Engineer: 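Please read through the structure below; I'll follow up with questions.
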Amino acid sequence: MREYRPNEIEKKWQEIWEEKELYKAEIDHSKPKFYALVEFPYPSAQGLHVGHPRPYTAMDIVARKKRYEGYNVLFPMGWDAFGLPTENFAIKNKIHPAIVTERNVNRFREQLKSIGFSFDWSREINTTDPKYMKWTQWLFLQFFKHGLAYKQEMPINWCTSCKVGLANEEVVNNACERCGGEVVQKVKNQWMLRITKYADRLIDDLEMVDFIDRVKTQQKNWIGRSEGMEIDFQVAGKEDKLRVFTTRPDTIFGSTYMVIAAEHPLIDKYKDEISNYHEISQYREELAKKSELERTDLSKEKTGIEIKGLRAINPATGKEIPIWVSDYVLMSYGTGAIMAVPGHDDRDWEFANKFGLPIVEVIKGGDVTKEAYTDTEEGILVNSDFLDGLTVKEAQEKIAGWLEERGLGERKVNYKLRDWVFSRQRYWGEPIPLVHCDDCGWVPVPEEELPVLLPDVENYEPTDTGESPLAKIEEWVNTTCPKCGKPAKRETDTMPNWAGSSWYFLRYCDPHNDEEFASKEALEYWMNVDWYNGGMEHTTLHLLYSRFWHKFLYDIGLVPTPEPYQKRTSHGMILGDNNEKMSKSRGNVVNPDDIVRDYGADTLRTYEMFIGDFEKSAPWSENGVKGCRRFLERVWRLQEIVVDGDEYTKELESSIHKTIKKVSEDFDTLKFNTGIAALMSLANEFYDHGSITKKDLETFLILLNPVAPHITEEIWQEVGLGGYLHESTWPGYDEAKTKDQVIELPVQVNGKLRATIQVDVEAEQDDVREMALGDENVKKYIEGKNIVKEIYVKGKIYNIVVK
RNA sequence: GCGGGAGUGGCGGAACUGGCAGACGCGCUAGACUUAGGAUCUAGUGUCUUUGACGUGGGGGUUCAAGUCCUCUCUCCCGCACCA
């Protein structure tokens with residue numbers, strides 16, 4: 001037998017697969033289709049690190065297994081190549097970002113190919129490719145034409161380090177999601193996408209799909225739907241009404257004061273009548289000086305001032321109540337004003353308690369002198385006139401009707417989700433394909449002129465003014481209006497890097513189409529994505545954005561399904577061997593190239609799947625890698641014990657059936673670690689038995705093949721199992737043969753294990769009893785005691801209780 | 001603060017509807033083969049005061065039986081964070 005030399009055999013098989021175009025997906029209506037998708041990487045200058053192959057290997061296993069099961073599998077790969085790191089690298093090294101991108105892509109492709117993934121490389125896409133960009137721009141124009149893209153002057157999040165505007169989703173703890181830089185508010189004229197229009201469906205349609213719960217909950221929380229009412233409170237003696245949003249209209253009789261945000265326009269409007277206006281404007285200034293972070297710090301005490309000279313009338317009680325201004329009410333949510341119900345809201349209670357405002361109990365069940373009572377399930381209304389005696393739910397219904405009849409309020413749903421800030425002031429992104437004409441306004445660039453390409457520039461540097469670097473290229477900016485022909489100017493902002501990734505899964509269906517973003521036929525055949533695996537960090541970014549795009553495209557009849565992804569799973573991170581996140585600065589980055597070179601791609605793949613629970617993060621361990629290499633060496637040496645025979649070895653048959661079952665189930669449910677463990681056990685059993693038939697080996701190799709595709713093909717050929725392994729079908733198992741007829745039954749005395757006896761699984765209690773009580777060790781423990789009870793669970797346990 | 005997840009050997013991690021805790025792998029110990037071993041093979045490996053007892057973050061409970069169920073509590077991770 002030859003030595004196991006992964007570097008030789010891996011290259012050999014990769015060439016064979018490529019030559020045979022084994023993984024090229026074609027529409028074929030005679031087979032069920034399966035679309036497996038992994039998030040396409042951003043081709044960074046650093047190349048792959050060992051975190052990348054984890055999800056790729058997982059989905060590669062799924063894809064390979066599905067092929068053996070007779071599916072027509074689409075498993076594509078591409079490059080999400082627009083982005084700041086490339087641009088920054090280009091600026092620093094004075095190389096065009098397109099050249100940097102090409103270089104990085106080539107490196108990534110080579111690395112991925114060396115690991116032996118079964119991607120259909122003929123469908124490779126690149127978001128920066130003009131042929132791809134064209135359709136990203138075209139799709140943007142569909143949003144524009146349907147009124148879902150609009151330009152608005154508004155305060156946006158500005159990353160002071162990247163010098164670029166950010167979407168809300170890109171701000172994490174007031175810092176830039178990407179670079180961690182400080183984010184400040186900056187008023188800018190921005191292109192926005194009306195994602196809020198889809199807020200309800202983005203929540204409700206989660207019902208239709210099979211996403212892990214974490215993802216569903218996170219998306220729901222992000223969208224933040226809350227149902228309630230907007231209610232008008234008359235400003236006493238004035239024309240104006242003060243409108244509030246509340247989710248608890250049932251507590252209105254307990255509203256003893258109101259609070260408005262510091263920025264609320266009411267203050268300015270009545271500044272002459274507010275006797276303490278000076279004090280209030282001082283308070284406002286102080287707040288304005290504070291950062292968002294300080295203002296929203298929950299641990300600090302609430303502050304506030306009563307507005308003297310203005311009062312409001314509680315529409316339910318008819319009583320006058322004071323109006324306060326405080327930092328705990330935000331202008332950006334609801335109406336910027338609240339009706340405070342200190343008895344039944346923690347924040348209002350804290351505030352009322354601090355400033356000595358009256359606290360009225362309107363829901364029985366707690367002690368409002370000690371804390372707010374917020375339970376909505378048990379509570380019964382009191383001190384609430386016609387609501388008295390009702391449950392919270394009933395009261396909500398009744399008060400809503402009452403207020404609506406009198407024109408005092410209306411039911412209203414509020415969302416935390418904001419429209420998507422879609423403009424970026426950087427060079428390396430898709431230009432927004434619109435032209436501004438003084439006469440015609442914003443005019444789309446005609447379809448035949450797409451894509452609008454990035455001009456070559458000397459300088460890609462972002463500006464401090466918040467203008468795109470493109471704004472300086474006059475010959476590019478100045479154009480003519482597509483509509484009237486007069487001089488006009490191009491939009492100089494570019495799209496965020498999330499644009500290209502919002503629809504790439506559609507392009508994979510038909511990547512070379514120059515007439516359409518993808519043909520109807522291709523979309524109808526391949527969509528939906530059956531299984532999409534990706535990072536949790538994209539849950540409220542890419543995953544939400546792409547669902548939104550897809551829904552819009554569905555509405556205008558361009559895609560056949562309302563949701564893009566049928567199933568979504570997520571992988572855990574691979575940490576450095578010091579249990580910290582891998583990063584260059586920590587010096588704990590492992591390059592997969594080194595592992596492939598020293599141990600082989602199959603070892604890398606096996607280890608990444610064996611490392612632990614797929615969904616959890618796990619620290620890298622070089623010893624763990626070695627262990628997997630040892631396992632593959634053992635698999636390699638199975639050649640030495642193989643004998644002719646096209647039946648399973650009798651003594652191994654049950655184990656083989658069990659393993660087929662275990663591996664099949666585990667590979668379908670992301671439990672790769674236990675699947676591989678089962679294969680290791682079976683290999684151990686093979687060695688214990690001393691010899692295996694070709695049939696035993698054949699099944700073993702097919703089961704292991706999705707994990708370690710090269711070594712298994714090689715052994716297959718070496719042993720002469722006929723044809724190629726990749727032409728096989730997935731082995732089936734006989735349920736009956738996965739169950740042992742004779743089992744080791746544990747016998748307990750008072751819940752403690754005292755013996756195990758060999759019995760038939762189906763044995764009746766009387767037979768088992770005899771054997772159990774006859775056991776020497778058991779005898780010892782029941783001697784001289786009374787048997788109180790005996791429990792027999794077939795196939796599980798025999799427990800004798802003595803006293 | 002709210003929502004979600006998790007605490008199991010020296011380490012990564014197994015354990016179906018409650019039914020032999022620690023599968024599988026790493027590491028470690030001893031032995032074999034060797035000029036050698038960071039190769040390979042064999043045996044062992046939860047802890048302890050080892051005819052036995054104790055063991056799944058901690059306390060209480062339900063049960064013939066609890067890692068698994070109930071209850072209180074501690075710690076860590078993730079998400080949201082004054083959202084009315």
Side-chain angles (χ1 to χ4, degrees), chain A residues 172-173 212-222 224-226 228-229 244-248 251 255 258-259 261 295-300 302 326-330 332-341 344-348 350-351 414-417 536-537 539-540 572 577 579 606-607 610-613 615-628 630-631 633-634 637 662 665 671 673-684 687 743-756 777 780 788-802:
Chain A
V172 179
N173 293 330
I212 47 175
D213 286 338
R214 275 191 300 166
V215 169
K216 287 192 182 184
T217 332
Q218 247 180 68
Q219 290 208 343
K220 280 182 202 162
N221 287 347
W222 183 259
R225 176 162 68 188
S226 67
M229 290 195 81
V244 302
F245 173 72
T246 178
T247 54
R248 297 293 306 276
T251 62
S255 177
M258 299 186 80
V259 186
R295 267 188 79 164
T296 56
D297 183 4
L298 256 172
S299 56
K300 75 161 178 44
K302 301 188 193 330
S326 170
D327 56 351
Y328 84 93
V329 172
L330 310 172
S332 55
Y333 185 78
T335 61
I338 62 155
M339 60 172 219
V341 185
H344 307 284
D345 180 282
D346 292 323
R347 294 152 300 175
D348 296 344
E350 191 193 322
F351 192 79
N414 252 320
Y415 303 91
K416 280 198 263 185
L417 184 71
M536 277 308 288
E537 70 274 18
T539 302
T540 53
D577 55 10
N579 236 312
T606 307
Y607 177 61
F610 187 62
I611 192 167
D613 185 335
E615 302 193 66
K616 294 205 190 95
S617 56
W620 186 261
S621 150
E622 184 97 10
N623 277 328
V625 177
K626 283 183 192 157
C628 288
R630 273 204 281 268
F631 166 59
E633 296 272 6
R634 271 168 79 74
R637 286 195 311 270
K662 176 82 180 145
E665 285 171 0
K671 290 157 90 177
N673 52 340
T674 49
I676 292 169
L679 287 165
M680 289 173 167
S681 295
L682 186 59
N684 292 343
Y687 279 105
I743 56 155
E744 296 270 323
L745 188 81
V747 180
Q748 297 181 335
V749 178
N750 285 350
K752 296 213 162 67
L753 181 72
R754 297 305 176 194
T756 57
N777 201 42
K780 215 163 70 188
V788 186
K789 198 172 178 183
E790 286 167 72
I791 296 110
Y792 174 46
V793 183
K794 254 186 203 172
K796 296 277 191 201
I797 202 129
Y798 199 88
N799 192 9
I800 304 158
V801 187
V802 294

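All values reported here derive from a predicted model rather than from experimental measurement. Chain identifiers are assigned alphabetically (A, B, ...) following the order of the sequence lines, protein sequences preceding nucleic acid strands; residue numbering begins at 1 within each chain.
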Engineer: Do the side chain of Y607(A) and the main chain of E622(A) share a donor and acceptor less than 3.5 angstrom apart?
Structural biologist: no
Engineer: Quick one: side chain to side chain contact (heavy atoms under 4.5 Å, CB included) partners of K789(A), sequence neighbours excluded?
Structural biologist: I791(A), V801(A)
Engineer: Would you mind reading off the distance between D327(A) atom CG and C82(B) atom P, rounded to a whole angstrom?
Structural biologist: 11 Å
Engineer: Start at the 5' end of RNA chain B and walk down; is the nucleotide closest to G334(A) or to T217(A) reached first?
Structural biologist: T217(A)
Engineer: Would you mind reading off the distance between Y798(A) atom OH and A65(B) atom P, rounded to a whole angstrom?
Structural biologist: 16 Å
Engineer: Side chain of W222(A) only, heavy atoms from C-beta on: which candidate in C80(B), A84(B), C20(B) is closest?
Structural biologist: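 When the side chain of W222(A) is considered, C80(B) is the closest of C80(B), A84(B), C20(B).
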Engineer: Looking at S326(A), I'd like to know whether one of its side-chain N or O atoms comes within less than 4.0 Å of OP1 or OP2 on C82(B).
Structural biologist: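 For S326(A), the contact criterion (side-chain N or O under 4.0 Å from OP1 or OP2 of C82(B)) is not met.
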Engineer: Closest heavy-atom contact between M339(A) and R248(A)?
Structural biologist: CE-O, 3.6 Å
Engineer: For A14(B) and U62(B), measure between their C1' atoms and round to the nearest Å.
Structural biologist: 27 Å
Engineer: Please give, in whole Å, the distance from A65(B) C1' to Y792(A) OH?
Structural biologist: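 Whole-Å distance recorded here is 16 Å.
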Engineer: Roughly how far, to the nearest 0.5 Å, is CG of D327(A) from NZ of K302(A)?
Structural biologist: 7.5 Å
Engineer: Rounded off to whole Å, could you give me the CG-to-C1' distance for the N414(A) and A84(B) pair?
Structural biologist: 9 Å
Engineer: Let me know the distance between CG of L753(A) and C1' of A65(B), rounded to the nearest Å.
Structural biologist: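 For the pair L753(A) CG and A65(B) C1', the rounded distance is 12 Å.
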Engineer: Without decimals, in angstroms, what is the distance between K302(A) NZ and A84(B) P?
Structural biologist: 14 Å
Engineer: Sequence neighbours left out, what passes side chain to side chain contact (heavy atoms under 4.5 Å, CB included) with K662(A)? Give chain and number order.
Structural biologist: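 For K662(A) the side chain to side chain contact (heavy atoms under 4.5 Å, CB included) partners, ignoring immediate neighbours, are D666(A), T674(A), A678(A).
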Engineer: Between N or O atoms, less than 3.5 Å apart, protein on one side and nucleotides 54-56 of chain B on the other: list the pairs.
Structural biologist:
none

Engineer: Start at the 5' end of RNA chain B and walk down; is the nucleotide closest to T246(A) or to N684(A) reached first?
Structural biologist: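 Nearest nucleotide further toward 5': that of N684(A).
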Engineer: Take nucleotides 6-15 of chain B nucleotide by nucleotide from the 5' end and write B, S or -, depending on whether a protein heavy atom sits under 4.0 Å from the base, only from the sugar-phosphate, or from neither.
Structural biologist: ------BSSS
Engineer: G18(B): syn or anti, with syn meaning chi within 90° of zero?
Structural biologist: anti
Engineer: Taking all non-hydrogen atoms of both residues into account, name the closest pair between L330(A) and A261(A) and its distance.
Structural biologist: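 It is C-CB, 3.8 Å.
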Engineer: Please write out the pairs of protein N or O atoms and N or O atoms of nucleotides 41-45 of chain B separated by less than 3.5 Å, giving the distance to one decimal.
Structural biologist:
| unit_1 | atom_1 | unit_2 | atom_2 | d |
| --- | --- | --- | --- | --- |
| C41(B) | OP1 | R634(A) | NH1 | 3.2 |
| C41(B) | OP1 | R637(A) | NH2 | 2.8 |

Engineer: Answer with base, sugar-phosphate or nothing: what part of the nucleic acid does D346(A) contact at a heavy-atom distance below 4.0 Å?
Structural biologist: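 If one applies the 4.0 Å heavy-atom cut-off, D346(A) turns out to touch nothing in the nucleic acid.
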Engineer: When you get a sec, tell me which of C20(B), G4(B), A84(B) is the closest nucleotide to the side chain of D345(A)?
Structural biologist: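 Ranking C20(B), G4(B), A84(B) by closest atom to the D345(A) side chain puts A84(B) first.
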Engineer: Given that both distances must come in under 3.5 Å, which nucleotide forms a Watson-Crick or G-U wobble pair with G67(B)?
Structural biologist: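 Base partner found: none.
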Engineer: For a quick check of understanding: with a heavy-atom distance under 4.0 Å over all strands, which category does E744(A) fall into, base, sugar-phosphate or nothing?
Structural biologist: base
Engineer: Say you pick atom C1' in A65(B) and the same atom in G44(B); how far apart are they, in whole Å?
Structural biologist: 31 Å
Engineer: My understanding is that a pair needs two contacts under 3.5 Å, Watson-Crick or G-U wobble. By that rule, which nucleotide pairs with A39(B)?
Structural biologist: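 WC or wobble partner does not exist here.
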Engineer: Grab the NZ-C1' distance between K416(A) and A84(B) for me, whole Å please.
Structural biologist: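 These atoms are roughly 12 Å apart.
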Engineer: If pairing requires Watson-Crick or G-U wobble contacts with both distances under 3.5 Å, which nucleotide is the partner of U75(B)?
Structural biologist: A6(B)
Engineer: Mind checking the C1' distance from A23(B) to U8(B)? Whole angstroms is fine.
Structural biologist: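 It works out to 13 Å between them.
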Engineer: So what does S621(A) hit on the nucleic acid, given a heavy-atom distance under 4.0 Å: a base, only sugar-phosphate, or nothing?
Structural biologist: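 Result for S621(A) = nothing.
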Engineer: Counting only Watson-Crick or G-U wobble pairs whose two distances fall under 3.5 Å, which nucleotide matches G55(B)?
Structural biologist: none
Engineer: Quick one: CD on E615(A) to NZ on K671(A), what's the gap to the nearest 0.5 Å?
Structural biologist: 10.5 Å
Engineer: Does K626(A) reach a base, just sugar-phosphate, or nothing at all? Heavy atoms under 4.0 Å.
Structural biologist: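 Answer is nothing: K626(A) stays at 4.0 Å or more from every strand.
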Engineer: Both distances below 3.5 Å, Watson-Crick or wobble geometry, any strand: find the nucleotide opposite C28(B).
Structural biologist: G44(B)
Engineer: Quote, to the nearest angstrom, the C1' distance that separates G60(B) from U47(B).
Structural biologist: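 It works out to 25 Å between them.
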Engineer: Tell me if a side-chain donor or acceptor on N750(A) pairs with a main-chain N or O of V802(A) at a distance below 3.5 Å.
Structural biologist: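 Judged by distance alone, yes, a pair lies under 3.5 Å.
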Engineer: Sub-3.5 Å donor-acceptor pair from the side chain of T756(A) to the main-chain atoms of L745(A), do we have one?
Structural biologist: no
Engineer: Provide the distance between the two P atoms, one in G9(B) and one in G5(B), to the nearest whole Å.
Structural biologist: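 Between the two P atoms, the distance is 22 Å.
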Engineer: Quick one: does any side-chain atom of Y328(A) pair with a main-chain N or O of F351(A) as donor and acceptor, under 3.5 Å?
Structural biologist: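 Not a single qualifying donor-acceptor pair exists.
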Engineer: Closest approach of T606(A) and F631(A), non-hydrogen atoms and distance?
Structural biologist: CG2-CD2, 4.3 Å
Engineer: Between G13(B) and G7(B), how far is it from one P atom to the other, in whole Å?
Structural biologist: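 Here G13(B) and G7(B) have their P atoms 10 Å from each other.
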Engineer: Looking at every heavy atom in both Y333(A) and Y415(A), which two are closest together, and how far apart are they?
Structural biologist: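 Heavy atoms only, the tightest pair is CE1-O, 3.8 Å.
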Engineer: For U50(B) and U40(B), measure between their C1' atoms and round to the nearest Å.
Structural biologist: 35 Å
Engineer: So what does G224(A) touch, heavy atoms closer than 4.0 Å: a base, only the sugar-phosphate, or nothing?
Structural biologist: nothing
Engineer: Given atom CD of E537(A) and atom P of C78(B), what is their separation to the nearest angstrom?
Structural biologist: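 One finds 13 Å between P of C78(B) and CD of E537(A), rounded.
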Engineer: For a quick test of reading the model, state the closest non-hydrogen atom pair linking T540(A) to Q218(A) and the distance between them.
Structural biologist: CG2-O, 3.9 Å
Engineer: Judged by atom type as modelled, is there a donor-acceptor pair below 3.5 Å linking the side chain of D348(A) to the main-chain atoms of V341(A)?
Structural biologist: yes
Engineer: Given that both distances must come in under 3.5 Å, which nucleotide forms a Watson-Crick or G-U wobble pair with G1(B)?
Structural biologist: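 Its partner is C80(B).
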Engineer: To the nearest 0.5 Å, what is the distance between CG (N414(A)) and CZ (F245(A))?
Structural biologist: 4.0 Å
Engineer: Write out a two-atom table: protein N or O, nucleotide N or O from nucleotides 60-64 of chain B, distance below 3.5 Å.
Structural biologist:
| unit_1 | atom_1 | unit_2 | atom_2 | d |
| --- | --- | --- | --- | --- |
| C64(B) | OP1 | K789(A) | NZ | 3.2 |
| C64(B) | O2' | N799(A) | ND2 | 3.2 |
| C64(B) | O2 | N799(A) | ND2 | 2.7 |

Engineer: For N579(A) and P619(A), indicate whether the former's side chain and the latter's backbone hold a donor-acceptor pair under 3.5 Å.
Structural biologist: no
Engineer: Taking E790(A) for the side chain and Y798(A) for the main chain, is one N or O donor matched with an acceptor at less than 3.5 Å?
Structural biologist: no
Engineer: Taking the same atom, C1', in A39(B) and in U56(B), what whole-Å distance lies between them?
Structural biologist: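 Between the two C1' atoms, the distance is 37 Å.
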